[in-house]
Amino acid sequence: DMKVTQMPRYLIKRMGENVLLECGQDMSHETMYWYRQDPGLGLQLIYISYDVDSNSEGDIPKGYRVSRKKREHFSLILDSAKTNQTSVYFCASSLSGREVFFGKGTRLTVV
Amino acid sequence: QQQVRQSPQSLTVWEGETAILNCSYEDSTFDYFPWYWQFPRESPALLIAIRPVSNKKEDGRFTIFFNKREKKLSLHITDSQPGDSATYFCAASGVGYKLTFGTGTSLLVDP
C-alpha cells in the first residue's frame, strides 16, 4: 500500500519556537515536496527534493529549511516560527515528477 | 504572478448537470497538467491528467479539454453527483518537476 506519512498531524507552537515536521514515504520515490495550503491560496510549493541532499527552493522558501538524509525521509524545519506560518503543511512524493502522492497533512498553529 | 489560474472560484450545479471548471496557464514550457480533487479535511488526490500531445482526455464522467494555443484547459464533469462535491485544483509542471497549483474551484452538487 503506497503511503506518504506525516508526523505530527496536529501541532501548536509558540511564536519563536523551532518546529520540525517529518515526512516518510514507502515507494522509493526520488522526488519529494513540501507544500503549504491556506484558504483561497491553493497549495504553494515551499521546497522540492530530487534525492538525498539534493534540494531546491520552491515558490515560498523564506522562513523554512529542509533536510533529506535518506531517500524515504524528508523534513521541514521552521527556525523561530512566526504566526503567519500557521497553515496546513502537506508532504508529497512522486516518481519522475508525474503522479504526486500527498500525505494527510500537518495542521500547524503558531500562537 | 499566478502561473496557473482557475475559474470560477466556486460553482454550484444540480445533480445530473455538467460542471465545467476552467484553467489557464502562463508558462509555455509546462508539459503535464493534472487535476486534483480534495475533500474537506483530506489531502489532494490525483483525478485525471493530460499532456499537450493530446487535446482531450477522458476517464468516465471526467474529461479534460486542452487548447495549447490559448494556454487553456477545462475539466468537464458530466452527470454530476453529490459525491463529486469537492475542491478541484488544476496544476501544471514542466522541467524540474515543480508542480504548480491553481487556487482551486469549490464545486457543490445539489441533489
Side-chain angles (χ1 to χ4, degrees), chain A residues 1-7 9-10 21 23-25 27 29-51 54-61 66 68 74 87-108, chain B residues 1-11 21-27 29-54 57 59 64 75 86-107:
Chain A
D1 190 23
M2 297 182 291
K3 199 182 295 184
V4 177
T5 304
Q6 291 185 239
M7 294 293 288
R9 295 292 316 282
Y10 299 90
L21 304 185
C23 175
Q25 50 101 358
M27 298 168 276
H29 286 169
E30 305 120 330
T31 308
M32 295 188 74
Y33 310 77
W34 276 106
Y35 286 90
R36 65 177 280 177
Q37 184 174 31
D38 301 289
L41 294 179
L43 292 112
Q44 297 174 277
L45 180 64
I46 305 171
Y47 269 93
I48 182 172
S49 174
Y50 296 103
D51 212 327
S54 180
N55 307 316
S56 181
E57 294 182 345
D59 298 316
I60 54 162
V66 292
R68 191 161 179 207
F74 190 33
S87 187
V88 179
Y89 290 87
F90 285 102
C91 175
S93 74
S94 76
L95 187 65
S96 303
R98 291 310 181 228
E99 182 167 3
V100 176
F101 294 88
F102 284 83
K104 292 184 181 296
T106 294
R107 190 170 294 270
L108 172 67
Chain B
Q1 183 184 10
Q2 188 71 27
Q3 290 282 338
V4 178
R5 290 191 173 90
Q6 289 187 248
S7 64
Q9 188 174 346
S10 63
L11 177 65
L21 289 66
N22 300 304
C23 180
S24 63
Y25 62 98
E26 298 288 331
D27 191 339
T29 67
F30 286 149
D31 65 356
Y32 177 67
F33 299 88
W35 285 82
Y36 281 76
W37 57 351
Q38 184 179 29
F39 298 95
R41 296 281 175 167
E42 294 190 12
S43 54
L46 179 65
L47 176 62
I48 186 172
I50 193 167
R51 298 190 187 196
V53 293
S54 305
K57 177 75 176 290
D59 185 356
I64 300 174
L75 176 68
T87 299
Y88 291 76
F89 292 99
C90 174
S93 74
V95 174
Y97 299 164
K98 292 185 179 182
L99 191 59
T100 300
F101 285 81
T103 53
T105 293
S106 177
L107 174 67

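Small disclaimer: the values here were computed from a predicted structure and weren't measured. In what follows, chains are A, B, ... by sequence order, proteins preceding strands, each numbered from 1. These numbers come from the heavy atoms of this one structure, side chains and all, not from hydrogens, waters or symmetry mates.
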Is it the backbone or the side chain of [X] that comes under 4.5 Å from a heavy atom of chain A, or both, or neither?
| X | result |
| --- | --- |
| Pro34(B) | neither |
| Gln38(B) | side chain |
| Leu46(B) | side chain |

Between Pro44(B), Ser93(B), Gly104(B), which has the largest tally of heavy atom pairs under 4.5 Å with chain A?
Pro44(B)
Over all heavy atoms of both residues, which pair between [X] and [Y] is shortest? Give the atoms and the distance, please.
| X | Y | value |
| --- | --- | --- |
| Ser43(B) | Phe90(A) | CB-CE2, 3.5 Å |
| Lys98(B) | Ser56(A) | NZ-OG, 3.8 Å |
| Phe89(B) | Gln37(A) | CZ-NE2, 3.4 Å |

Around atom CZ of Arg9(A), are there more than 12 heavy atoms of other residues, nucleotides or ligands at under 6.0 Å?
yes
Assign the ring pair Tyr50(A) / Tyr97(B) to parallel, tilted or perpendicular, where the plane angle (0 to 90°) is split at 30° and 60°.
tilted
Distance in Å, Phe101(B) CZ paired with Tyr35(A) OH, rounded so as to fall on 0.5 Å steps
5.0 Å
With a 4.5 angstrom heavy-atom cut-off, which part of Glu57(A) approaches chain B: side chain, backbone, both or neither?
backbone
For a quick test of your reading: what N or O donor-acceptor pairs under 3.5 Å do the side chains of residues 38-49 of chain A make, sequence neighbours left out?
| from | atom 1 | to | atom 2 | distance (Å) |
| --- | --- | --- | --- | --- |
| Asp38(A) | OD1 | Arg36(A) | NH2 | 3.1 |
| Asp38(A) | OD1 | Ser87(A) | OG | 2.9 |
| Asp38(A) | OD2 | Arg36(A) | NE | 2.9 |
| Asp38(A) | OD2 | Arg36(A) | NH2 | 3.3 |
| Ser49(A) | OG | Asp51(A) | O | 3.1 |
| Ser49(A) | OG | Asn55(A) | OD1 | 2.8 |
| Ser49(A) | OG | Arg68(A) | NH1 | 3.0 |

With sequence neighbours excluded, tell me which residues meet side chain to side chain contact (heavy atoms under 4.5 Å, CB included) with Ser7(B).
Asn22(B)
